K.L.:
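Would you mind keeping the following structure in view while I ask a few things?
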Amino acid sequence: MASRYDPSVEEQKWQAAWARADIFRTPAAADSQGREKAYILEMFPYPSGKLHMGHVRNYAMGDTVARHRRAKGQVVLHPMGWDAFGLPAENAAFERGVHPREWTYQNIDAMRGQFKRLGLSLDWSREFATCDPEYYAAQQRIFIELWKHDLAYRKSSRVNWDPVEMTVLANEQVVDGKGWRSGAPVEQRELVQWFLKITAYADDLLDGLKSLERWPDKVRTMQANWIGRSEGALIWWDIVEAPDSIRQAGDVDGPNHARDPIEVYTTRPDTLFGASFIALAPDHPLTRSIAGHRPDVAAFMQDAASIGTSEEAIEKAPKLGVDLGIRVRHPFDDTITLPVWSANFVLSGYGTGAIFGCPAHDQRDLDFARKYDLPVRPVVLPDGAEADNFEIAAEAYTGAGRIFNSGFLDDMTIEAAKSAAIARLSAQDQGEGKVNYRLRDWGVSRQRYWGCPIPAIHCPACGTIPVPDAELPVTLPDDVTFDRPGNPLEHHPTWKYRTCPECQGEARRETDTLDTFIDSSWYFARFAGPSETAPVDVTEAAFWLPVDQYVGGVEHAVLHLLYSRFFARAMSDCGLLTITGDEPFAGLFTQGMVTHETYKSATGKWLAPTDVEMRGGVLIEIASGAPAIRGQIEKMSKSKRNVVDCDAILSSYGADVARWFALSDSPPERDVEWTQAGVDGAARFAQRVWALADTLAEAATLAEAGGLRGGGEGVADTQHPSIALRRTSHRAAAAIDDSISGFRFNTGIATLYEWVGALKKAEAEAGPEWHAARREGIAMLVTCLVPFMPHLAEAAWARIGGAGLISTAPWPVIDPSLVTQDTVTLPVQVNGKRRGEVVVARDAIVSDVEAAALAEVGVAAFIGDQPVKKIIVVPGRIVNIVV
RNA sequence: GCGGAUGUGGCGGAAUUGGUAGACGCGCUGGAUUUAGGUUCCAGUGCCGCAAGGCGUGGGGGUUCGAGUCCCUCCAUCCGCACCA
């Protein structure tokens, strides 16, 4: 009677065995020189307290890679920690009166337990949480170093203010004009904030993308677009005429500001002779200055500000503007003056917040010019068009051509004209070539409690100075209250007051904390080089970094993944880190989401999967017995109630089945739909493997087991039919090896299914040769199963009498002579259609193959007496006969 | 609008460099074992056709002895960015 595999017993047993033997501890870098290293990392989780299926898939992938690398003889670092600062802890404090620290560490304990149930091959000895004082102390030291190196600074600026979270957001954290977490429309506020100078690395971050060959193109493109490099020119337009009002406008921006030239950025200096107006952003300083005296301009500003930032709003908003009454002189022709408008389509945040309008060659400018009846003067002539009758109608011309109507630029190509224009502007001191970026410096101040305190002191006499090293870390006070909105550190009665370390006068602590994205911008380095004396042990980290394979969600394409690349460079320039190539993540894999069907009741209420069942082919809501509606397949989310509970799956099916299914059904970069049928299939597979091991259990002795690892001994000679099974095994092991290396877990799993089927079929065969071939195959299979179903692999290994832990075993040795065949089956086509197949020797000469193909019964019948025009033989592949 | 992908049976998906389309799983059909089964096992399963055979990888065209794969063109879906001067 065959036994059943019971994951609830076996999984705990083997997890305990791994822990006892401590087999996943990272080898010391010093002992690993000369061996290939592999740093495998999955994006560390936020400790929400509950594991979800997305986690299972993410960490299963990383673990499969890590276990495979170990089996391939590499030294592996595979750590885990917690991205533990952040707003949910404060919300919990506000709602339930529990302290954020307590809430967070309780969640970590709960989640660590769930992670351990998954049987991941993690080195828990390197675990940390970013809210550990040791971690944020190190982060404060990094911050002070950045500050000393001029990479952190304070400035007053208009910032994104999330009115719900009552804190500032970075540009990267604003999505469609709304806070990335709260979803509330973001407001603009003028505040003094800390910034990190990520723009100093704009070019470097862009160039570095080229070297990241093992990153998805999509992410590289997104980062390149985010950095948004463009080449062009700054042009200074002298004001020749201005209304009296702005002469009195010294009250706004300084005495002579109103007479300063207007600075414009353009990528098309070649079209300068086509300029017919200047347009300023609605909140450009000059617009604001004039609005103080012109009610119509003030009204225009108001209107422009009230238009939403959503896509539809922008698309529908008509181009609107107002003439500011200012006139400027054309830099290349004294006799031309242009009007200065303020226009709602000019962005204050890009370039200089001012443009010159060239309606003939820019659609937006053309729309604007048509509306306000401004001149349209074409200056680029398409090839083949005639200068005399080339006109712009409703569409601006943005293509290639020759410059005309443009004085000294006439007849040049666009590229030549750009250079010539810039040269002339520079010579006249009216402008200069300029590379512009969309990327802005990273605003990192957050008006929050549960984050890393910014180690700065504000002294009225000495200014803003760093907290002295001996006083680090600046720790968070425990006695805080969350009974009102805003920053508890600011509300604290005493915490912020202290004396200045330099003049001993009264001073104040900085009460803002750092954006939690900083916490995750260097954690990978801390894992690689833990240290008690420095943020990172530079030598140890230099051995392990860069991360060889990083696995996580694509949602961090321009947040975490860009910030980390910046930190790697900035820390390196501060002497805190050394990474060959400067890139923190050499390989990146962005996995797809876990989805599930959604269900609704007849009344439109979302129903959980456990609330419905099929009865007689109809979906029924169990509670009411009424029919339910099957909805879209969507990402698992609480609001849609289509979440499958991890604990329930782990309890009834075990970690191996959950891991297996999460990797089996779809390519890892795509979404996978969680289905009950799929989970059942995975569970069936586990039992089949167990049944296979069972067939060897009776006969297994330790003496036999000694030979299990080598493979091949006692097996048949090459003439025996069992050789076919041996070929299947060796090929499968090679195929699975390739699948895991290439991140194609789904095809590796398909190979395992086939392999089990082949071994199963061979049970019908008797004799010592077949027994040996099966024994070899099952031992190899179990070894190859380790990265996917590690617990089952251990149990099966023990069942067949294997010695030691299979998790520490090397990948099976593959006999190359069994992977290649001496005979091959070639399909034979006639005129490109398959009509039969022939078996020939692997190295058969072409004429023999041709003869065999023509002699094949089906082929011969099909050809009949038609003359053969040509025969194509692709050795080892195919034969095609043309008649 | 710009950029990145994707499109293959009833479903998820396989198919190194152009070389047997549909591996593997799910589902379905038939059969066996079982007191029973939502267990296990065996067989079948792209479409049309009685068959011979024909048709088949989003549509249309092309290159080639041969195209899911390469080229042109159109369509659809998803993701990201978006009045970026």
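Since we're looking at a predicted model, the values are computed, not measured. Chain letters run A, B, ... following the sequence lines, proteins first and then strands; every chain starts at 1.
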K.L.:
Can you check the distance between rC24(B) and rA32(B), where both ends of the measurement are the C1' atom (answer in whole Å)?
P.N.:
25 Å
K.L.:
Decide yes or no, distance alone: a donor-acceptor N/O pair under 3.5 angstrom between the base of rC65(B) and the side-chain of K869(A).
P.N.:
no
K.L.:
Both distances under 3.5 Å, Watson-Crick or G-U wobble: report the partner of rG56(B), or none.
P.N.:
none
K.L.:
Quote, to the nearest angstrom, the P distance that separates rA14(B) from rG7(B).
P.N.:
9 Å
K.L.:
Students often get this wrong, so: under 4.0 angstrom with heavy atoms, is V874(A) touching a base, only sugar-phosphate, or nothing?
P.N.:
base
K.L.:
Is rG27(B) syn or is it anti, if syn means the base angle is within 90 degrees of 0?
P.N.:
anti
K.L.:
Shortest non-hydrogen contact from P375(A) to P359(A)?
P.N.:
O-CG, 3.5 Å
K.L.:
Hunt down the Watson-Crick or G-U wobble partner of rU35(B), both distances under 3.5 Å, from any strand shown, or write none.
P.N.:
none
K.L.:
Give me the distance, rounded to whole Å, that separates rG18(B) from rA67(B) when you measure between the P atoms they each carry.
P.N.:
13 Å
K.L.:
Could you check how far CD of Q632(A) sits from P of rC78(B), rounded to whole Å?
P.N.:
10 Å
K.L.:
Ignoring hydrogens, what is the shortest heavy-atom contact between M53(A) and V594(A)? Give both atom names and the distance.
P.N.:
O-CG2, 3.6 Å
K.L.:
Please give, in whole Å, the distance from rC24(B) C1' to R684(A) CZ?
P.N.:
13 Å
K.L.:
Are F661(A) and Y653(A) an aromatic pair by the rule of ring centers under 6.0 Å?
P.N.:
no
K.L.:
Whole angstrom is fine here: how far is it from CZ in F862(A) over to P in rA52(B)?
P.N.:
13 Å
K.L.:
Please state how far atom CG in L347(A) lies from atom C1' in rA82(B), giving the value in whole angstrom units.
P.N.:
10 Å
K.L.:
Under 4.0 Å, counting only non-hydrogen atoms across every strand here, what does E673(A) touch: a base, just sugar-phosphate, or nothing?
P.N.:
nothing
K.L.:
Under 4.0 angstrom, heavy atoms only, what part of the nucleic acid is R835(A) near: base, sugar-phosphate, or nothing?
P.N.:
sugar-phosphate
K.L.:
NA contact type, R229(A), heavy-atom cut-off 4.0 Å: base, sugar-phosphate, or nothing?
P.N.:
nothing
K.L.:
Quote, to the nearest angstrom, the C1' distance that separates rG22(B) from rG13(B).
P.N.:
10 Å
K.L.:
What integer distance in Å separates D665(A):CG from rA14(B):C1'?
P.N.:
13 Å
K.L.:
Assign P216(A) to base, sugar-phosphate, or nothing according to its heavy-atom contacts below 4.0 angstrom with the strands shown.
P.N.:
nothing
K.L.:
Knowing that exactly one of W341(A), F368(A), F356(A) qualifies, which makes a ring pair (Phe, Tyr, Trp, His ring centres under 6.0 Å) with F277(A)?
P.N.:
F368(A)
K.L.:
Would you say N831(A) places a side-chain N or O within less than 4.0 Å of OP1 or OP2 belonging to rC65(B)?
P.N.:
no
K.L.:
State whether a side-chain donor-acceptor pair under 3.5 Å links N160(A) with Q173(A).
P.N.:
no
K.L.:
Please give, in whole Å, the distance from rA85(B) C1' to F345(A) CZ?
P.N.:
8 Å
K.L.:
I want to confirm an ordering. Mapping I872(A) and D217(A) to their closest nucleotides on RNA chain B, which one lands closer to the 5' end?
P.N.:
D217(A)
K.L.:
Between F345(A) and R364(A), is there a cation-pi geometry (under 6.0 Å to ring centre, at most 45° from the normal)?
P.N.:
no
K.L.:
Of all the nucleotides listed (rC83(B), rG25(B), rC26(B)), which has the minimum atom distance to the side chain of Y753(A)?
P.N.:
rG25(B)
K.L.:
Y350(A) side chain N/O closer than 4.0 Å to the phosphate oxygens (OP1, OP2) of rA85(B)?
P.N.:
yes
K.L.:
Whether K210(A) and E213(A) form a salt bridge (side-chain N of Lys/Arg under 4.0 Å from carboxylate O of Asp/Glu) is what I want to check.
P.N.:
no
K.L.:
Would you say R670(A) reaches rG13(B)'s phosphate, i.e. side-chain N/O to OP1/OP2 under 4.0 Å?
P.N.:
yes
K.L.:
Would you check if there is a donor-acceptor pair between the side chains of S230(A) and T267(A) at a distance under 3.5 Å?
P.N.:
no
K.L.:
Within the 4.0 Å heavy-atom criterion, would you say D738(A) contacts the bases, only the backbone, or no part of the nucleic acid?
P.N.:
nothing
K.L.:
Nearest of rG13(B), rA15(B), rG19(B) to any side-chain atom of P667(A)?
P.N.:
rG13(B)
K.L.:
In whole Å, measure the gap between the C1' atoms of rU16(B) and rC11(B) for me.
P.N.:
27 Å
K.L.:
Expressed in angstrom and rounded to an integer, what is the separation of K218(A) atom NZ from rC2(B) atom P?
P.N.:
18 Å
K.L.:
Look at the side chain of R834(A) and decide which nucleotide, out of rA21(B), rC83(B), rA14(B), has an atom nearest to it.
P.N.:
rA21(B)
K.L.:
Does any nucleotide pair with rA21(B) by Watson-Crick or G-U wobble geometry, both distances under 3.5 Å, and what is it?
P.N.:
none
K.L.:
Checking base pairs now: Watson-Crick or wobble, both atom distances under 3.5 Å. What partners rA67(B)?
P.N.:
none
K.L.:
When the C1' atoms of rA21(B) and rC72(B) are compared, how many Å lie between them, rounded to an integer?
P.N.:
24 Å
K.L.:
Can you confirm whether or not the ring centre of H330(A) sits under 6.0 Å from the ring centre of F273(A)?
P.N.:
yes
K.L.:
Counting any heavy atom closer than 4.0 Å, what does N880(A) reach on the DNA or RNA strands: base, sugar-phosphate only, or nothing?
P.N.:
base
K.L.:
Among rC55(B), rG4(B), rU20(B), which is the nearest nucleotide to the side chain of T221(A)?
P.N.:
rG4(B)
K.L.:
Suppose you measure atom P in rG4(B) against the same atom in rA51(B); what distance do you get, rounded to whole Å?
P.N.:
49 Å
K.L.:
For nucleotides rA5(B) and rG58(B), find the distance between their C1' atoms and express it as a whole number of Å.
P.N.:
16 Å
K.L.:
For the pair made of CZ in R438(A) and P in rC2(B), what is the distance, rounded to whole Å?
P.N.:
17 Å
K.L.:
By nearest nucleotide on RNA chain B, pick out whichever of S664(A) and A354(A) is the more 5' one.
P.N.:
S664(A)
K.L.:
Could you check which of rC84(B), rA43(B), rC26(B) has an atom nearest any side-chain atom of A677(A)?
P.N.:
rC26(B)
K.L.:
Nearest to the side chain of Q829(A), heavy atoms from C-beta on, is which of rU6(B), rG19(B), rA15(B)?
P.N.:
rG19(B)
K.L.:
Any strand is fair game: report the nucleotide pairing with rG27(B) by Watson-Crick or G-U wobble, both distances under 3.5 Å, or none.
P.N.:
rU45(B)
K.L.:
Taking the minimum atom-to-atom distance to the side chain of V346(A), which one of rG19(B), rA85(B), rG12(B) wins?
P.N.:
rA85(B)
K.L.:
My understanding is that a pair needs two contacts under 3.5 Å, Watson-Crick or G-U wobble. By that rule, which nucleotide pairs with rG3(B)?
P.N.:
rC79(B)
